[in-house]
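First comes the structure, then the notes that go with it.
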Amino acid sequence: MTYWLLLKTAIQSIRLNWLRTLLTLLGIVIGVGSVIAMTAVGQGAQDTVVARIAAMGSNLLIVNSNTIRTGGVSFGRGSSASRSTLTITDVDFLRKSLSTASGLTPIVNATGQLIWGATNDSSSVNGVSVDYLDVRNRQIDTGAMFTEAEVQSRATVAVVGQTVVEELFGGQDPVGEQIRIGRVPFTVIGTLKASGSGFGGDNDDLVLVPYTTAQARLSGTQYVSQIWIKAVDKPSMTPLQDEITADLRNVHRLAESAEDDFTIRNQSDMINLVSQSTDTFTLLLGAIAGISLLVGGIGIMNMMLVAVTERTKEIGLRIAVGARGTDIMLQFLAESVMICVMGGLLGLVFGVGGAYVLQHFFDVNTSLSTNTMIISVGFAAFVGVAFGLYPAYRASKLDPIEALRYG
Amino acid sequence: MSNAFKNAGEAGMPLLRVRGLTKMYHLGEDFWALRGVDIDIVEGELLSIIGQSGSGKSTLLNILGCLDRPTGGDYWLAGHHINKMSLNDLAAVRNQVLGFVFQSFHLLPRLTALENVMLPLGYDHLRKQPNMRAAAISALERTGLGDKVNNRPTQMSGGQQQRVAIARALVNKPSLLMADEPTGNLDSSTARDILDLFKELNRQGTTVMIITHDPNIAANTNRKIEIKDGLVIGDTKVEHPGVAA
Ligand SMILES: Nc1ncnc2c1ncn2[C@@H]1O[C@H](COP(=O)(O)OP(=O)(O)O)[C@@H](O)[C@H]1O
Ligand SMILES: [Mg+2]
């Protein structure tokens, strides 16, 4: 038979039993639909997290102080700046020694009530260097960032985030305003462009001051909570990390056998870690959906076996007028593949529609992948072949004399 | 179909020849439904194979129709040694050389008359007739159903359905038309019409073989082969076909 005739014959039989076909098809529709929607959700989740990590800046290395145990009591890092193992000496040393760093900023955590006239607000106050903007990929909105000279002179100047602009200043431009952080008066010289929420909450609920000022006037210690270092490019990240480790161990005078008293987190490692875990998650979702595709295939096989029995007489007649075994086989295979491909295409529509609904009505970030679509519809066609093969084979092996006498 | 098959013919052979044809069925013990049948059929004949129920007529037809293989003996059709053919070549013989007409029509109910008639053309791997539709319409016209091409079997009488089935048997221009009790499901006046159609087709050159248990039908053919218990017991020319015995 020609392909066109095969197709036409398949369509004729499907039309004859369209309701039964539709019901059997549902397994495939749900299978393909959920593979597409599920992997879109998984991929979307990954994209979101990766985007957040990327928003921190690029090619970043973050040095954290390790927890110091005193008398069995453990203090989480950042719980108290005075417990940090990192000091301004480390910062100064690294700044001089690191060759492939394009920027470096300490983070000195300081807390203190913000007061402007009669209003007050609490926000995180970070003592940072002028490199902060470059390292954290932030931009100035109005006014300006403080300068190196202001850092050196421990100037009492502050740059504030948009949440602070809203909450403390009621939305008006605060540049030039006098505020107090705790009891220390500061002049607001600039505002940051909004960046949205990232890890650890609102990236805009933030006040930046020179780290020198933060240490001298707010925290009163030499300690820093973190040091953020930006590598010039991705390939130089790992050598840079090794260099930092060596430098800090040297400055901290750690014995050969001693463990590091700091931890360096590598931004690309973080992205890989997240990708790996969400890839696993996506694979799991895909596998569950794949199983429903297989179950759908069993339904197709069942229906095709019934169809072969129902059409025993037709098969006998076709053989009598000259059909070969392969002609009969192809006829039933074409039918099961066609049903599965129809199911696959319907599933594609539902999967894409489902992802759209999740994205636009349920605020779930989704990311549709063309590969997944092609693979899952292709897999549906494969299910059609795999599960149609046995019924088609049975049909092709019918004895025409028996078949013509059937029923 | 192989080329050997296409380039027909061992010289001097009749259209159909069987020699010592036997068929055994296993039913607990061996049962010989055919016990050595010899028949020659030449082109242009209109013959009947007649016998009581259970005499072996259908068994013989299944073998002559290439739907079953004999247990023993030889079979040549259109010059080809059927015993030695592959399954695919047998399918080609059924498609190209033979036309079947059944007692119960065997039309596919979901197809129109035209589509039913076109069915064998789909299995013609040589594409002998490129315009399938035209071939089917002309076959239907030959059986007098030129105005019913788009009717479905359920919209037609028994006689009309059998005419569709005959058109289907004719569509590939077969050398031999085989009919198994073709009037068994029809009333007597319709049966006469169908018989007349077979006679007309024979006059136009088609070799026709009718299998029946009905002497009245056999009396309408030119030659009567009588079988009993799997053996040919009579082979007579009919003197004045059309006169009921
Ligand atoms: N498939 C079969 N298995 C066993 N016995 C069969 C089979 N087909 C036919 N027979 C037997 O062979 C004999 C001839 O049958 P059949 O050719 O159908 O006769 P007819 O068509 O003349 O009535 C009968 O006795 C029948 O029971
Ligand atoms: Mg019979």
Side-chain angles (χ1 to χ4, degrees), chain A residues 1-21 303 306-335 338-339 392-407, chain B residues 1 23 25 33 58-63 65-69 86-112 115-128 130 132 152-153 165 167-172 174 178 180:
Chain A
M1 282 226 255
T2 61
Y3 293 116
W4 165 240
L5 256 180
L6 274 176
L7 209 70
K8 208 176 127 185
T9 308
I11 292 170
Q12 274 168 346
S13 358
I14 289 169
R15 269 198 359 218
L16 197 72
N17 274 310
W18 66 270
L19 185 60
R20 184 172 80 183
T21 306
M303 191 189 92
V306 170
V308 169
T309 305
E310 281 175 348
R311 279 189 245 150
T312 298
K313 223 173 180 148
E314 170 185 333
I315 294 164
L317 185 270
R318 286 181 184 273
I319 293 173
V321 301
R324 300 172 178 184
T326 48
D327 291 322
I328 301 296
M329 180 127 178
L330 280 177
Q331 180 190 335
F332 283 90
L333 262 189
E335 196 170 323
M338 186 171 223
I339 290 170
Y393 174 79
R394 286 241 309 225
S396 74
K397 289 294 165 203
L398 282 182
D399 173 11
I401 301 165
E402 298 282 331
L404 281 169
R405 220 183 279 148
Y406 181 87
Chain B
M1 198 181 333
K23 179 70 185 180
Y25 291 118
S58 295
T59 303
L60 181 61
L61 177 86
N62 289 336
I63 293 169
C66 303
L67 290 167
D68 202 359
R69 289 189 190 271
S86 69
L87 282 177
N88 280 349
D89 281 347
L90 289 181
V93 170
R94 292 195 297 271
N95 185 251
Q96 302 287 305
V97 182
L98 299 173
F100 286 104
V101 178
F102 305 93
Q103 177 173 356
S104 49
F105 322 140
H106 287 323
L107 300 177
L108 300 190
R110 65 169 186 274
L111 302 184
T112 63
E115 290 165 334
N116 267 292
V117 174
M118 281 165 66
L119 219 51
L121 297 173
Y123 299 111
D124 176 6
H125 292 268
L126 295 174
R127 311 286 281 118
K128 219 163 56 179
M132 293 170 51
R152 283 172 206 281
R168 181 181 63 197
L170 288 173
V171 73
N172 254 340
M178 290 182 171
D180 189 8

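Letters A, B, ... are given to chains in the order of the sequence lines, protein chains preceding strands, and every chain is numbered from 1.
Looking at A:Arg311, the atoms closer than 4.5 Å to chain B (heavy atoms on both sides) all sit in the side chain, from C-beta outward.
Of the residues considered (A:Gly325, A:Pro400, A:Ala320), A:Ala320 shows the highest number of contacts with chain B, using heavy-atom pairs under 4.5 Å. Ranking B:Pro174, B:Pro120, B:Gly65 against chain A, the residue ahead of the rest is B:Pro120, based on heavy-atom pairs under 4.5 Å. Ranked by heavy-atom pairs under 4.5 Å with chain A, the list B:Val171, B:Leu111, B:Leu67 is led by B:Leu67.
Here the CG atom belonging to B:Leu121 is positioned 12.0 Å from the CZ atom belonging to B:Arg168, to the nearest 0.5 angstrom. Note that CD of A:Glu402 is 5.5 Å distant from CZ of A:Arg405, once rounded to the nearest 0.5 Å.
Judged purely by distance below 3.5 Å, without hydrogens or angles, the side chains of A:Thr9 and A:Gln331 never pair a donor atom with an acceptor atom.
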(message) Set out, in order, the CA-CA distance, both residues' side-chain angles and the distance that settles side-chain contact (heavy atoms from CB on, under 4.5 Å) for B:Arg94 and B:Phe100, then state yes or no.
(response) CA-CA 8 Å; B:Arg94 292 195 297 271; B:Phe100 286 104; 4.2 Å; yes

